[in-house]
> 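Handing you this structure, nothing more for now.
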Amino acid sequence: MDARVRGHDGKNEWLPVTPTRLVPAVLWMIGALLSFSTMAVSIRELSHVLSIFEVLALRSALGLIILCALALARPDLRHAIRTRHIWLHVMRNGVHFAAQVAWATSLTLLPLATVFSLEFTMPAWTAIMASIFLHERLTQSRIGAVILGFVGVLVIIRPGLQTFQPAALLTLAAAFGYGITLTTTKRLTATDATFAIVFWMNAMQLPMNLVGSDPFFALKLGTAQIVPVIGLAVAGLTSHYCLSNAFRAGDATVVVPIDFLRIPLIGLVGWWLYAETLDAFVFAGAGLIVSGILWNLHAETRRPAPLRTGAA
């Protein structure tokens, strides 16, 4: 995770990350992975009474209400909604909408740990696209973290014939879409406020989800759905708020591998709430994943600055 500065020759130079600058990125990603796990459980609970489109429409509607209330209370947030890249938001949210539908559907068909494990083919796509389109460097530690992450995923799911089912393909398609979304998010953080990114996500995806929803789907909800509705509303906002701020604090190829921790976390949640199988392979895979993350974070804090003489 490097900071770009402009040297006297007008070219961008790189400064190494320091532990002080690394901590915010790590903390934001911890908030994101906890939020995504909460959202997964909320979606599964609500899917008993609502369709996937209705669940996601509810999420967007609740998020938009909260964001509009904040914008009314704070004039600075109203100004933050402005964007010079509306079509980039359209592309991001169109891809994210399709990926979200695929991901949410797979949550109702597969064990939570399996969904999250398959989803983590996403960092490879993100790292490649960030390198091509954002000019972020693929260092040995960054590549190593992704490779160890994938090996850990393979240990957890132990690929076999049962892995290759339609629901698994949905998750893999969602992972590719998320890779595009994450790369676009990193691009938008250079010009747009985090509030704007989250606002336009909800504003654009709400009508997309309503197209496939029953106009009166809210009447299906009862008191038993109060907690998952709250979880969906809060996690739906905090997940992307934390994710956007994590990207603002560091390169995508540094931030994304931290999200591998979602796998052992959601494995424990699935075991606790749904009696899903949790065995030694999950912990072995998680150990490989964490090892890669720690290796990368350690390397980022020790890498010297390749600054030219006279750079600012």
> Rest of the hydrophobic cluster containing Val211 (Ile/Leu/Val/Met/Phe/Trp/Tyr, side-chain heavy atoms under 4.5 Å)?
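ILVMFWY cluster around Val211 holds nothing else.
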
> So Leu67 and Val198, do their side chains get closer than 4.5 Å, heavy atoms only?
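Result yes, sub-4.5 Å side-chain heavy-atom pair found.
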
> Apply side chain to side chain contact (heavy atoms under 4.5 Å, CB included) to Thr108 and list each qualifying residue two or more places apart in sequence or on a separate chain.
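Once residues adjacent in sequence are excluded, the partners of Thr108 under the side chain to side chain contact (heavy atoms under 4.5 Å, CB included) criterion are Ser47, Ile52.
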
> Val115 and Leu273: same hydrophobic cluster, using ILVMFWY side-chain contacts below 4.5 Å?
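Yes, Val115 and Leu273 fall within the same hydrophobic cluster.
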
> Give me each pair satisfying salt bridge (Lys or Arg N to Asp or Glu O under 4.0 Å) with a member in residues 224-246, each pair once, sequence neighbours excluded.
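Sorted pair list comes back empty.
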
> Taking the side chain as C-beta and beyond, is there a heavy-atom pair between Gln205 and Leu56 under 4.5 Å?
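Result no, sub-4.5 Å side-chain heavy-atom pair not found.
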
> Atom CD of Glu45 and atom CG of Leu50: how far apart are they, to the nearest 0.5 Å?
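Answer rounded to 0.5 Å: 12.0 Å.
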
> By side chain to side chain contact (heavy atoms under 4.5 Å, CB included), which residues pair with Arg44, not counting sequence neighbours?
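Only Leu112, Tyr274, Glu276 meet the side chain to side chain contact (heavy atoms under 4.5 Å, CB included) criterion with Arg44.
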
> If you draw a 6.0 Å radius around CH2 in Trp271, do more than 12 non-hydrogen atoms from other residues or ligands fall strictly inside?
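Not more than 12 within 6.0 Å, no.
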
> Once side chain to side chain contact (heavy atoms under 4.5 Å, CB included) is applied, do any residues pair with Thr191, and if so which ones, sequence neighbours excluded?
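For Thr191, the residues satisfying side chain to side chain contact (heavy atoms under 4.5 Å, CB included) (neighbours in sequence not counted) are Arg84, His85, Arg187.
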
> Would you give the length of the straight line joining atom CD1 of Ile43 to atom OG1 of Thr38, rounded to the nearest 0.5 angstrom?
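Separation between the atoms: 11.0 Å.
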
> Mind checking the OG1-CZ spacing from Thr171 to Phe176? Nearest 0.5 Å is all I need.
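Rounded to the nearest 0.5 Å, the OG1-CZ separation comes to 15.5 Å.
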
> Check whether any side-chain heavy atom of Leu237 lies under 4.5 Å from a side-chain heavy atom of Met39, and answer yes or no.
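Of all side-chain heavy-atom pairs linking Met39 with Leu237, none is under 4.5 Å.
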
> List in chain and number order the residues that pass side chain to side chain contact (heavy atoms under 4.5 Å, CB included) with Ile65, two or more places apart in sequence or in another chain; answer none if no residue qualifies.
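Per chain and number, Ile65 pairs via side chain to side chain contact (heavy atoms under 4.5 Å, CB included) with no residue.
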
> What is the minimum heavy-atom distance between Ala246 and Ala25, and which atoms define it?
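Looking at all heavy atoms of both residues, the shortest contact is CB-O, 4.0 Å.
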
> Write down the atom of Asn202, the atom of Gly63, and the distance for their closest heavy-atom approach.
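So the minimum-distance heavy-atom pair works out to OD1-CA, 3.9 Å.
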
> May I ask you to decide if Leu110's main-chain N or O and Thr114's side chain share a donor-acceptor pair within less than 3.5 Å?
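The answer is no, because no donor-acceptor pair under 3.5 Å joins these two groups.
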
> Can Val229 be reached from Phe216 by stepping across I, L, V, M, F, W or Y side chains whose heavy atoms are under 4.5 Å apart?
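In one cluster: no.
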
> How many angstroms lie between atom CG of Asp192 and atom CZ of Phe199, to the nearest 0.5 angstrom?
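So the CG of Asp192 and the CZ of Phe199 are separated by 12.5 Å.
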
> Using every non-hydrogen atom in the two residues, find where Cys242 and Ala32 come nearest and quote the distance to one decimal.
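Closest pair (atom of Cys242, atom of Ala32, distance): CB-N, 3.6 Å.
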
> Where do Lys220 and Asp214 land on the side chain to side chain contact (heavy atoms under 4.5 Å, CB included) test, with the steps shown first?
CA-CA 10 Å; Lys220 302 176 185 177; Asp214 180 345; 4.0 Å; yes

> Any idea which heavy atoms bring Leu77 and Ala71 closest together, and the distance?
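Between these two residues, the closest heavy atoms are CB-CA, 4.2 Å.
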
> Same cluster or not: are Val227 and Leu107 linked, directly or through other Ile, Leu, Val, Met, Phe, Trp or Tyr residues, by side-chain heavy atoms under 4.5 angstrom apart?
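No, separate clusters.
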
> Given side chains that start at C-beta, do those of Trp200 and Thr83 come closer than 4.5 Å, heavy atoms only?
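Side-chain contact under 4.5 Å: yes.
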
> List for me each residue that meets side-chain hydrogen bond (donor to acceptor under 3.5 Å, both in side chains) alongside Thr194, sequence neighbours excluded, and say none if there are none.
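Per chain and number, Thr194 pairs via side-chain hydrogen bond (donor to acceptor under 3.5 Å, both in side chains) with Asn245, Arg248.
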
> Can you confirm whether the side chains of Ser35 and Ser239 place a donor and an acceptor under 3.5 Å from each other?
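Ser35 vs Ser239: no donor-acceptor pair found between side chains.
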
> Determine which pairs satisfy ring-ring contact (aromatic ring centres under 6.0 Å, His included) with at least one residue from residues 27-81, sequence neighbours left out, and list them in order.
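ring-ring contact (aromatic ring centres under 6.0 Å, His included) check on residues 27-81 returns Trp28-Tyr241, Phe36-His240.
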
> What about Leu265 and Trp272, same hydrophobic cluster or not, with Ile/Leu/Val/Met/Phe/Trp/Tyr joined at side-chain heavy-atom distances under 4.5 Å?
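Linked within one cluster.
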
> Hey, could you give me the CD1/CG distance between Ile147 and Leu288, rounded to the nearest 0.5 Å?
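Result: 12.5 Å between the selected atoms.
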
> Looking only at non-hydrogen atoms, find the nearest pair between Ala57 and Leu210 and report the distance.
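Nearest pair, atom of Ala57 first, then Leu210: CB-CD2, 4.0 Å.
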
> Could you check whether any side-chain heavy atom of His96 comes within less than 4.5 Å of a side-chain heavy atom of Thr184, counting everything from C-beta outward?
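No, too far: nothing below the 4.5 Å cut-off.
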
> Can you give each donor-acceptor pair under 3.5 Å made by side-chain atoms of residues 98-105, sequence neighbours left out, with the distance rounded to 0.1 Å?
from	atom 1	to	atom 2	distance (Å)
Gln100	OE1	Tyr178	OH	2.6
Trp103	NE1	Glu119	OE1	3.0
Thr105	OG1	Val101	O	2.7

> Does Ile230 sit in a hydrophobic cluster with other residues, and if so which ones, taking ILVMFWY side chains as linked at heavy-atom separations under 4.5 Å, directly or through other members?
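Members other than Ile230 - counting any ILVMFWY side chain reachable under 4.5 Å - are Ile226, Val234.
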
> Starting at CG of Leu33, measure out to CD1 of Ile266 and round the result to the nearest 0.5 Å.
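Leu33 atom CG to Ile266 atom CD1 measures 10.0 Å (nearest 0.5 Å).
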
> Which residues pass the side-chain hydrogen bond (donor to acceptor under 3.5 Å, both in side chains) test with Ser42, sequence neighbours left out?
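For Ser42, no residue satisfies side-chain hydrogen bond (donor to acceptor under 3.5 Å, both in side chains) once neighbours in sequence are set aside.
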
> Going by the rule side-chain hydrogen bond (donor to acceptor under 3.5 Å, both in side chains), which residues pair with Thr185 if we only count those two or more places apart in sequence or in a different chain?
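Checked Thr185 against side-chain hydrogen bond (donor to acceptor under 3.5 Å, both in side chains); matches are Arg92.
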
> Donor-acceptor pair, Thr189 side chain versus Lys186 backbone, under 3.5 Å?
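Answer holds: yes.
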
